[in-house]
Amino acid sequence: MRIKLYGRVIGIFLKKHSFINVLISLQLIAVFVIGIIMTSIIDEKASSYEAVKPLLNGEGLYCGGYFLKDNENGGLLENTDEIKTQLKDVDFISSVNFASLQTGVDTQTNEVKTAYALVYDDYSANLFRPTIEKGSWITDSKQSDDIPQAVITRNYQGYNVNDIAEFETENGTLKVRIIGVIGDNEKYLGANSEYESNEPSYQLMLSTHFNCLNDQLKNKGFTNEEIALKLESLGYSADSIVYNEPVLFFTDKEWNKTDLDSVMSDSLFIKYNRNISDDEKLYNRKYINENLSVLSFAIQFSQLNNNSQTIVYRELYTLMPIMCAIYLLVLIASVSVNAINCKNNMRNEAILYLGGAKRKQLLTINVIYNGLICIVSLIISIAGSLIFYKAGLFSKTVITLGWKPITICLIVCAVYILVSCIISCIILTPKALKKAIILSEE
């Protein structure tokens with residue numbers, strides 16, 4: 001009986017003040033969407049660093065480029081074991097190796113088109129896991145056959161999960177089974193050749209890839225005129241749509257199936273033992289600095305870690321006040337409209353009060369009424385964002401629909417309902433209800 005009464009009264013409130021209810025709902029949808037966007041931005045800034053933070057918290061060196069010269073035999077040291085024998089008190093050395101695969105000839109420039117292969121050992125494959133658009137990451141595959149398996153970036157060739165991609169190599173045609181696809185602008189572990197900063201940080205260890213060069217240049221802030229000039233400088237017409245060659249990701253186990261060589265020329269992580277002495281660290285730094293090849297660099301983990309924390313926290317300190325200010329403005333507006341709505345319903349609630357309804361029951365009706373509007377707004381926000389996400393409209397942004405944005409929305413929803421309850425308690429006092437009864441009789 002009581003539930004039917006609540007439902008009938010709430011239905012009257014919703015119908016009678018439909019315009020204000022829609023206005024409140026739109027304001028709440030704005031709050032939830034802003035929450036999803038801002039939480040995604042903050043999470044993207046922090047999560048990449050959090051992935052490599054355990055490594056950077058230790059003692060060691062990060063090297064990028066062509067690495068160390070072999071003074072005895074000439075050339076470069078070819079594997080991590082050779083490097084480890086030259087250094088002191090090293091726990092382990094992990095590398096990301098590099099190889100190239102021919103995909104054809106560019107019809108406009110007549111240049112050979114080359115896809116890049118990054119080969120990860122067990123540690124580097126698990127150190128940083130990119131966001132996979134389709135399929136699975138290289139460490140998650142359950143399949144096993146003679147065809148090497150790899151993850152590929154989004155590509156103009158249209159290779160998708162379970163496709164067999166073909167590349168030309170010195171040993172003939174190489175067939176690769178695609179087990180996953182990484183979307184545009186997703187970070188992956190690999191030396192960032194375009195990184196420029198006086199504060200080398202974790203960002204130096206992570207690269208991104210775009211299927212389309214035009215999109216890549218737009219993402220960097222190039223204007224249409226600058227993009228046209230860039231394309232012309234590369235031998236294309238100014239109005240061309242130019243595609244980048246894809247990047248493929250292999251575990252060393254899968255790469256060994258190809259019988260092809262890969263070289264240590266991308267990333268190298270040298271992790272020291274916990275009790276390494278200052279003298280041994282000094283010896284290692286001196287040896288590496290003296291033997292680094294051209295275009296190589298070596299940076300201490302501690303320097304990368306300190307700069308990373310500075311950059312991440314600086315960005316968070318910038319974003320958080322903006323996020324809080326937007327939230328407060330929209331939330332205050334929603335609560336203000338809610339207070340107006342509560343006063344507009346006062347006459348109906350006074351009649352119920354006169355008919356024997358207790359104040360507690362009236363407060364319950366208001367809580368359910370406001371909670372219903374808030375929950376419907378939340379569902380619309382998440383459903384709308386999910387539709388946009390599935391349609392690929394967020395593919396070139398950092399917006400995601402993980403548990404963190406949804407948790408923030410649920411917290412905002414709970415806060416709104418709580419504040420609405422407090423406002424109802426303030427407005428719906430026995431004295432105010434009696435006054436409303438007197439006014440209605442006049």
Side-chain angles (χ1 to χ4, degrees), residues 10-47 131 183 185 218-219 315-346 363 365-428:
I10 291 170
I12 293 171
F13 287 178
L14 289 171
K15 186 176 180 180
K16 189 173 182 180
H17 305 294
S18 56
F19 176 77
I20 292 180
N21 293 331
V22 170
L23 182 61
I24 293 173
S25 183
L26 290 174
Q27 289 176 325
L28 287 171
I29 289 172
V31 171
F32 294 135
V33 171
I34 290 168
I36 290 171
I37 293 172
M38 297 300 288
T39 305
S40 298
I41 292 172
I42 292 172
D43 187 49
E44 192 273 339
K45 298 291 184 184
S47 61
T131 300
N185 205 26
K218 284 181 182 177
N219 186 65
E315 290 174 339
L316 292 182
Y317 291 150
T318 301
L319 289 171
M320 285 300 288
I322 297 173
M323 182 177 177
C324 291
I326 294 173
Y327 260 140
L328 284 173
L329 286 172
V330 181
L331 201 57
I332 288 170
S334 300
V335 169
S336 300
V337 176
N338 180 277
I340 295 171
N341 211 16
C342 188
K343 285 200 170 187
N344 289 338
N345 291 326
M346 179 72 78
L363 294 175
I365 289 172
N366 273 273
V367 170
I368 297 173
Y369 168 58
N370 291 308
L372 184 62
I373 295 174
C374 189
I375 291 169
V376 169
S377 302
L378 176 61
I379 293 171
I380 293 172
S381 303
I382 294 176
S385 299
L386 187 61
I387 291 170
F388 280 11
Y389 183 79
K390 292 293 185 182
L393 299 179
F394 294 158
S395 60
K396 294 177 183 178
T397 72
V398 299
I399 300 173
T400 60
L401 279 176
W403 65 269
K404 293 178 183 178
I406 292 176
T407 300
I408 291 296
C409 288
L410 290 173
I411 292 172
V412 171
C413 189
V415 169
Y416 177 80
I417 294 173
L418 177 62
V419 172
S420 299
C421 181
I422 293 171
I423 289 174
S424 298
C425 289
I426 294 172
I427 294 176
L428 297 177

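Bear in mind the structure is a predicted one, so any value in this text is a computation, not a measurement. Numbers here are sequence positions counted from 1.
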Non-neighbouring partners of S381 that pass side-chain hydrogen bond (donor to acceptor under 3.5 Å, both in side chains), sequence neighbours left out: none
All side chain to side chain contact (heavy atoms under 4.5 Å, CB included) counterparts of S47, not counting sequence neighbours: D43
Contact summary for I36 and P405, nearest pair of heavy atoms: CA-CB, 4.0 Å
Partners passing side chain to side chain contact (heavy atoms under 4.5 Å, CB included) against I379 (at least two apart in sequence or in another chain): I375
Reported OG-to-CG distance for the pair S25 and L378, which is rounded to 0.5 angstrom: 10.5 Å
From L28 atom CG to C413 atom SG, the distance as rounded to the nearest 0.5 Å: 8.0 Å
Interatomic spacing from CD1 in I368 to SG in C421 - rounded to 0.5 Å: 11.0 Å
Straight-line distance of F32 CZ to L410 CG, nearest 0.5 Å: 8.5 Å
Point-to-point distance, once rounded to the nearest 0.5 Å, from CD1 of I29 to SG of C374: 10.5 Å
Gap between atom CG of L372 and atom CD1 of I417 - 0.5 Å precision: 9.5 Å
Under the side chain to side chain contact (heavy atoms under 4.5 Å, CB included) test, residues paired with L26 that sit two or more places apart: V22
